[in-house]
J.: 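Provided herewith is a single structure, encoded as structure tokens, for subsequent inquiry.
Chain letters run A, B, ... following the sequence lines, proteins first, then strands; residues in each count from 1. As the structure is a computational prediction, the values presented were derived from the model and not from experiment.
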Amino acid sequence: MTASEPESGRGRPRLGVFKLASCDGCQLTLLDCEDELLALAGAVEIVHFPEVSSRLAAEGPFDLVLLEGSVSTEEQRELVHAVRARTPRLVAIGACATAGGIQALRNFADHEEYVRAVYARPEYVSTLAAATPASEHVRVDFELRGCPIDRGQLLELLVATLLGRKPQVPDESVCMECKRRGQVCVMVARGEPCLGPVTHAGCGAICPAYARGCYGCFGPKESPNPSALSARLSRDGASDDEIARRFRVFTGWAGPFREESLRRGR
Amino acid sequence: MAEVFLPREALGELLGALRASGRAVIGPTVRDGAVVYDEVESPRDLPVGWGDEQAPGRYRLRRRGDERAFGYAVGPHSWKRFLFPAREALWRSESADGGVPRIEAASPDASPRAFLGVRACEIAAMDVQDRVFLGGRADPRYATRRAAALVVAVQCTEAGDLCFCASTGTGPRVEGGADLVLTEADDGFLVDARTDAGRAVLGALPVVPAGPERVAAAEAGVRACAAGMGRSMDVRGLPGLLFGNLDHPRWEAVAERCLSCGACTSVCPTCFCSTTETSSTVDGARHEVLRVWDSCFGSEHAQIHGADFRPTIGLRYRQWLTHKLGSWTAQFGVSGCVGCGRCVAWCPAEIDLTEEVAALREGADPPAPVPAAAPPPPAPGGDPLLPHPARVTARRVETPDVVTLTLDAGDLGDVLPGQFLMLGLPGIGEAPISVSGGGGGVVEHTIRDVGAVTRALCALSPGDHLGVRGPFGTAWPLEALRGRPVLAVAGGIGLAPLRGAIRAMLAAPADFPDVRVFYGARTPGDRLFLDELDAWTGRPGATVAVTVDHAPPGWDGHVGVVTRLLRGGAIPAGAAALVCGPETMMRYAVEALRAGGVPEEDIFVSMERNMRCAAGLCGRCQYAHWLVSRDGAVFPFARLREVFGRDGF
Ligand SMILES: Cc1cc2nc3c(=O)[nH]c(=O)nc-3n(C[C@H](O)[C@H](O)[C@H](O)COP(=O)(O)OP(=O)(O)OC[C@H]3O[C@@H](n4cnc5c(N)ncnc54)[C@H](O)[C@@H]3O)c2cc1C
Ligand code: SF4
Ligand code: SF4
Ligand code: SF4
């Protein structure tokens with residue numbers, strides 16, 4: 001067995017990269033794969049990737065689409081459906097595409113009021129009331145979490161797709177990575193609030209390595225228990241408001257984090 | 001015991017002597033607000049003058065106000081990090097000409113090391129992991145590192161806030177397992193060399209005779225420590241208590257608080273669960289397989305057939321505690337807890353297992369019967385984790401999603417019906433697959449395509465290569481069943497693991513005069529081994545009954561579940577039964593067999609659990625008191641009675 005057959009039935013698997021409301025950081029992670037970039041370019045046919053090439057073919061068809069960004073406008077809502085129709089395998093990448101991202105903080109507030117407060121000419125702003133992840137609109141085959149995504153995980157996704165193996169992207173907690181690295185728990189040893197126990201692994205527990213608690217960039221892990229973490233944080237003296245704000249950073253709109261922050265604050 | 005005294009000023013000379021013996025010294029050092037283990041070069045690196053305060057979910061260093069170098073209780077690290085590293089390469093493969101993958105074991109770091117400051121509970125923890133990694137199919141990587149480690153123990157004379165080794169009988173006195181034993185006093189160390197290696201190090205040190213007062217003071221310190229433990233745990237009859245109380249309300253209560261983060265299993269010095277991870281080059285030509293610490297709190301641990309059979313935090317916490325304090329004993333001959341308190345201190349949710357055990361004892365139901373403590377059975381040598389190349393010699397399509405491969409796998413020794421091999425493709429992964437036949441140097445495997453690995457296996461053609469490990473597990477007990485009527489009850493792909501046994505019995509009609517095959521498939525098109533089913537039907541003394549769940553028009557055979565075939569006289573007196581299929585099917589089959597008078601001792605079932613290593617080393621295949629890859633997959637049902645069909649096991 002070598003590489004799996006592309007479903008479009010044409011030579012190398014055809015890759016498309018699309019973006020919705022986002023900062024481009026995640027798709028640029030692809031360009032960060034310096035050592036592997038050449039090999040990747042040989043192994044897949046990059047059909048549509050506006051950030052790097054002007055040769056565009058948004059119509060596809062694709063074997064694999066990486067989709068960055070949240071659905072924030074009506075056009076984006078149409079685009080996400082259109083992209084879904086052009087690929088058998090749609091992978092949402094980054095906190096925006098998988099949880100709504102930082103812009104989803106507006107979902108907790110009065111949208112109109114936000115727009116009036118932020119923009120000089122609010123009448124030119126046409127956005128949906130909520131910024132939402134792709135999975136609220138279409139079926140998503142796989143999610144790569146993170147703000148931004150992890151280079152190693154992106155490579156694994158691509159290599160696994162090429163070889164036909166299940167991508168090894170564990171849905172365990174950040175604590176698992178923290179402990180494998182032999183780091184000293186910042187919550188236990190310093191009383192730093194840390195979202196690691198409820199957050200999806202993938203970053204390698206970077207923040208605890210720098211003596212900071214985890215900010216939850218990768219969103220909720222499998223079977224998270226945010227209210228048990230809140231209980232700990234409040235025993236350590238955090239107010240409900242502080243706790244709610246802690247859950248509401250990069251992935252605050254992700255179900256379990258959203259529910260917990262709503263339980264604790266407004 | 002000729003104990004001697006090493007003055008405090010000469011501590012550097014101890015480190016020097018250890019280093020001069022060619023060993024890197026790993027010892028305690030302060031980092032990021034805790035005492036961790038790392039390479040130390042001089043006493044300046046040691047936590048001189050540091051102690052700690054610990055409580056559930058809380059750890060703080062404190063100044064002791066003296067110069068003690070070992071005046072702290074155990075911190076977040078344990079020696080497991082050095083003997084069983086958190087990430088470790090197992091093997092690498094490279095595709096070579098002719099498609100034969102070249103597979104090479106990654107060599108473990110065998111450089112000699114001295115572990116300085118090992119506590120009694122930590123020696124006990126090493127003993128526990130020795131039983132896991134060396135007791136059955138030995139892991140050569142662990143063995144190499146273990147043999148290269150010199151243990152310099154320190155007896156505790158002050159108990160930590162969360163210690164309870166006095167309850168678990170694992171400390172604070174250092175009984176065995178150390179090369180040198182130190183007991184710290186204000187002005188120096190009482191030193192006892194227990195092995196030649198220890199004596200060789202001691203020989204280089206400026207020691208003086210200790211004198212009876214120093215010895216007595218050290219003894220008194222250890223006794224005081226035992227009396228002053230910060231925690232205690234009533235360990236009497238714990239395995240029975242836990243398994244007798246699987247529905248205790250406390251499990252739900254702790255589930256509300258537990259984060260299922262896995263911090264406890266990671267810091268525990270005895271937890272050994274691991275998974276594997278493959279990294280591959282983009283061109284798919286080179287792969288490296290790593291072993292990585294894993295936890296029973298993760299979702300993959302209990303994945304079979306697309307579902308996690310331990311989906312809730314309550315079931316996962318119960319798995320951790322019932323294993324650690326309960327089924328560990330049946331699996332390895334000792335409890336998995338050495339009373340170090342790490343899982344209490346480092347639990348972000350402040351859960352204290354001693355408190356959980358005490359709460360479970362409240363209003364507890366009577367204890368369940370548990371199997372006797374059993375150390376792992378002896379097992380063949382060699383590296384059980386290293387695949388050997390095998391070649392596909394024939395491929396036969398059985399049904400639209402099932403393929404039988406015949407493999408020339410070189411010399412595997414005897415492969416018995418009921419046993420399984422790990423079949424793997426570098427870069428894709430491995431799957432446990434039973435043998436469905438073979439002999440004369442080849443093995444047959446019948447594989448259903450359900451996911452990535454099985455898909456890739458099913459796509460292999462004659463001449464292709466793959467990697468195999470094994471054989472693993474127990475066999476159908478044919479020898480013991482001679483002369484008796486035998487029922488083979490199969491559901492779906494479950495006929496494959498039974499085929500070898502059926503063939504063997506039919507080939508020896510004098511020994512097996514009455515063999516009855518009961519087989520259920522989803523549809524007529526899903527029936528396996530059609531020719532053979534026909535051939536078996538014609539054999540004297542053999543009967544074959546087939547049923548399908550869904551029948552298209554034109555099917556005039558049985559319709560319905562396989563257990564319906566077991567009704568009305570289908571079960572002869574004195575019969576034994578071999579059962580293999582989906583677990584629900586096996587549950588009903590066992591019920592029907594029991595109702596038909598077959599004793600539980602004579603019903604044999606083949607169990608499936610998730611597995612990574614198949615050698616009893618990765619912890620994935622736990623099934624209550626058993627490890628499926630080691631004690632099964634074929635079990636007499638009587639052994640499983642208490643847990644069969646229970647949620648979460
Ligand atoms: C002792 C034993 C003997 C087996 N014998 C056979 C056999 O003779 N023929 C056969 O076709 N299958 C057999 N199986 C099942 C086979 O191992 C799994 O179907 C296979 O591991 C799935 O791997 P995958 O990568 O193809 O699928 P994955 O993509 O990993 O998963 C596909 C599905 O299979 C489940 N699965 C994953 N790993 C296992 C596992 N170790 N055991 C059971 N389910 C798993 C997953 O939960 C998922 O639903 C046996 C399993 C065991 C434990
Ligand atoms: S620092 Fe955070 S991520 Fe690391 S173990 Fe502690 S709680 Fe978990
Ligand atoms: S018991 Fe504590 S450390 Fe263990 S998984 Fe639960 S919250 Fe994490
Ligand atoms: S279960 Fe807890 S107390 Fe027992 S050995 Fe493991 S970490 Fe130590």
J.: Report which part of B:Ala345 has an atom under 4.5 Å of a heavy atom belonging to chain A: side chain, backbone, both, or neither.
T.: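 The backbone, not the side chain.
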
J.: Is the shortest distance from a Lys or Arg side-chain nitrogen in B:Glu277 or A:Arg180 to a carboxylate oxygen in the other one below 4.0 Å?
T.: no

J.: Which answer fits A:Ala211, side chain, backbone, both or neither, if we ask what part of it has an atom under 4.5 Å from a heavy atom of chain B?
T.: neither

J.: What distance separates B:Thr281 OG1 from A:Leu163 CG, expressed to the nearest 0.5 Å?
T.: 8.0 Å

J.: Side chain, backbone, both or neither: which part of B:Ser78 has a non-hydrogen atom closer than 4.5 Å to chain A?
T.: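 Neither part.
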
J.: Counting only heavy atoms closer than 4.5 Å, note whether A:Arg235 contacts chain B via side chain, backbone, both or neither.
T.: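 Only the side chain of A:Arg235 comes within 4.5 Å of chain B.
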
J.: Which answer fits B:Ala349, side chain, backbone, both or neither, if we ask what part of it has an atom under 4.5 Å from a heavy atom of chain A?
T.: backbone

J.: Whether the side chain of B:Arg455 engages the backbone of A:Gly164 through a donor-acceptor N/O pair (distance < 3.5 Å, no angle test) should be reported.
T.: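 Not at all, since once roles are kept as given, no pair shorter than 3.5 Å links the two residues.
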
J.: Has the side chain of B:Arg60 got a donor or acceptor atom that lies under 3.5 Å from a matching backbone atom of A:Val188?
T.: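 Checked: pair present.
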
J.: Considering only heavy atoms, which portion of B:Arg81 lies under 4.5 Å from any heavy atom of chain A: side chain, backbone, both, or neither?
T.: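 Side chain of B:Arg81 only, per the 4.5 Å heavy-atom cut-off to chain A.
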
J.: Under 4.5 Å heavy-atom distance to chain A, tell me which part of B:Pro85 shows up: side chain, backbone, both or neither.
T.: neither

J.: With rounding to the nearest 0.5 angstrom, report the CZ to CG distance, B:Arg257 to A:Asn225.
T.: 11.0 Å

J.: For each of B:Tyr37, B:Phe297, B:Trp293, tally heavy-atom pairs with chain A at distances under 4.5 Å, and name the one with the top tally.
T.: B:Trp293

J.: So how far is it from A:Glu172 CD to B:Ser260 OG, rounded to the nearest 0.5 Å?
T.: 11.0 Å

J.: Return the minimal non-hydrogen interatomic distance between A:Glu36 and B:Val282, and the atom names on each side.
T.: CB-CG2, 3.9 Å

J.: Quick one: CG on B:Leu259 to OG1 on A:Thr199, what's the gap to the nearest 0.5 Å?
T.: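 Here the interatomic distance stands at 10.5 Å.
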
J.: What part of A:Ala231 gets closer than 4.5 Å to chain B, counting heavy atoms only: side chain, backbone, both or neither?
T.: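 A:Ala231 has no heavy atom closer than 4.5 Å to chain B.
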
J.: Need one label for B:His301: side chain, backbone, both or neither, based on atoms under 4.5 Å from any heavy atom in chain A.
T.: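 Neither the backbone nor the side chain of B:His301 comes within 4.5 Å of chain A.
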
J.: Where does B:Ala55 contact chain A at under 4.5 Å (heavy atoms): side chain, backbone, both or neither?
T.: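 It is neither, since no heavy atom gets under 4.5 Å.
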
J.: Decide yes or no for A:Gln168 and B:Thr275: does some side-chain heavy atom of the first lie under 4.5 Å from some side-chain heavy atom of the second?
T.: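 Answer no - side chains too far apart.
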
J.: Rounded to the nearest 0.5 Å, what separates atom CZ in A:Arg190 from atom CZ in B:Arg58?
T.: 13.5 Å

J.: Establish, from distance only, whether the side-chain atoms of A:Lys179 and B:Thr265 form a donor-acceptor pair under 3.5 Å.
T.: no

J.: Rounded to the nearest 0.5 Å, what separation is found between the OG atom of B:Ser280 and the CD atom of A:Glu156?
T.: 7.0 Å

J.: Heavy atoms only: give me the nearest A:Val184-B:Asp32 pair and the separation to one decimal.
T.: CG1-O, 3.5 Å

J.: For residues B:Glu256 and A:Ala228, report the shortest heavy-atom separation together with the two atoms involved.
T.: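 So the minimum-distance heavy-atom pair works out to O-CB, 3.5 Å.
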
J.: Contact part of B:Arg31 toward chain A, heavy-atom cut-off under 4.5 Å: side chain, backbone, both or neither?
T.: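 It is both, since atoms from each part get that close.
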
